[in-house]
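Notes to accompany the following structure.
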Amino acid sequence: MARRICPQCGSSETAKILYGMPAWSPELDEQINKGGIELGGCCITRCDPVYRCNKCKKDFGAPTADLETDTTSFYFSLGGYFDGYQSVTVTKIDNGAVMIYTPGHAPESETIEKQLSADEWLSFIHSLYRCYITDWKKRYVDPHVLDGTQWELIVSFLNGKPLKIHGSNRYPIHWTKLLKTIKILGVSMR
């Protein structure tokens with residue numbers, strides 16, 4: 001089984017966290033010794049992380065089912081001074097969602113509005129959380145570059161504070177996975 005990539009340090013040396021009272025076996029002992037399994041303890045909640053990085057020791061991948069249900073909108077912008085800023089907004093409605101894509105400065109490009117079915121919305125949101133955005137830092141900035149590319153991601157919820165992440169010329173580990181997820185909507189962010 002392929003190991004998950006840590007969203008903090010990028011290591012693939014990660015372990016699945018096993019909760020509860022394990023049924024001890026030689027195979028389990030071998031997996032623990034190889035770093036493929038980590039014991040998480042007997043107390044189990046709905047928000048326990050699923051993986052632990054063997055390199056940086058950070059836990060990640062908490063279940064996102066409740067967040068997926070409570071998500072009401074997604075906003076992402078990407079660009080810079082010379083090319084302008086592309087943005088995509090996806091807002092949940094009663095029977096699915098509405099996606100609005102706004103291109104940068106390109107004069108031949110027009111704003112695209114598209115209706116998503118309830119299944120398309122759920123598939124998009126599920127894929128979004130598989131990018132481990134809840135484990136990302138809030139800020140990714142390269143202080144040595146004064147211009148370049150800036151980006152912002154905002155996820156809003158039914159109840160609670162929105163998740164806001166931004167960056168300038170620096171990106172999280174699962175950046176490419178996020179861009180592929182947005183491509184599911186039929187738009188390509190450059």
Side-chain angles (χ1 to χ4, degrees), residues 4-10 47 58 60-190:
R4 303 290 181 190
I5 306 245
C6 174
Q8 294 296 315
C9 72
C47 58
K58 300 285 186 185
F60 66 97
T64 59
D66 290 342
L67 289 175
E68 291 177 33
T69 302
D70 289 345
T71 300
T72 58
S73 70
F74 165 83
Y75 169 80
F76 181 73
S77 72
L78 173 67
Y81 177 77
F82 293 105
D83 292 329
Y85 291 86
Q86 299 173 274
S87 69
V88 62
T89 304
V90 186
T91 306
K92 183 178 180 181
I93 57 175
D94 288 338
N95 57 346
V98 174
M99 186 269 306
I100 299 173
Y101 168 75
T102 305
H105 287 318
E108 69 279 354
S109 300
E110 294 181 19
T111 298
I112 298 170
E113 187 169 327
K114 178 180 171 183
Q115 179 87 24
L116 303 177
S117 69
D119 287 341
E120 289 171 318
W121 161 257
L122 292 173
S123 176
F124 170 71
I125 290 301
H126 185 71
S127 295
L128 177 67
Y129 285 106
R130 295 292 71 80
C131 297
Y132 300 108
I133 60 170
T134 56
D135 295 304
W136 289 7
K137 299 173 190 170
K138 302 301 176 214
R139 185 173 177 265
Y140 293 84
V141 176
D142 183 344
H144 305 293
V145 181
L146 298 178
D147 202 359
T149 304
Q150 290 76 47
W151 59 274
E152 181 179 37
L153 181 144
I154 302 172
V155 179
S156 299
F157 304 99
L158 193 59
N159 297 311
K161 187 176 175 182
L163 173 65
K164 295 182 179 183
I165 307 168
H166 71 277
S168 179
N169 303 301
R170 186 170 282 167
Y171 311 95
I173 300 295
H174 293 284
W175 177 257
T176 304
K177 195 173 181 181
L178 172 68
L179 296 181
K180 286 180 183 175
T181 297
I182 293 170
K183 204 168 191 173
I184 291 171
L185 300 170
V187 297
S188 184
M189 304 297 276
R190 44 178 154 61

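The closest side-chain donor-acceptor pair between Tyr85 and Gln150 falls under 3.5 angstrom.
Contact check for Tyr101 versus Met189: side-chain heavy atoms found under the 4.5 Å cut-off. Under the 4.5 Å side-chain criterion, counting only non-hydrogen atoms from C-beta, Ser156 is not in contact with Thr71. You'll find the side chain of Leu122 stays beyond 4.5 Å of the side chain of Glu68, heavy atoms only. Contact annotation: the side chain of Leu163 approaches that of Lys138 to within less than 4.5 Å [non-hydrogen atoms, C-beta and beyond].
Distance CG/Asp70 to NZ/Lys92: 8.0 Å, rounded to 0.5 Å. In this structure, CG in Leu153 is found 7.0 Å from CD1 in Ile182, a value given to the nearest 0.5 Å. Residue Leu116 holds its CG atom at 10.5 Å from CG of Asn95, rounded to the nearest 0.5 Å. To the nearest 0.5 Å, the span separating CD1 on Ile125 from CZ on Phe74 amounts to 7.5 Å.
Between Trp136 and Tyr140, the angle of the ring planes goes over 60°, which puts this pair in the perpendicular group of the 30/60° scheme. Ring geometry, Trp175 versus Trp151: the interplanar angle falls from 30° to 60°, so the pair is classed tilted. Classified by interplanar angle (parallel below 30°, tilted 30° to 60°, perpendicular above 60°), the ring pair Tyr132/His174 is tilted.
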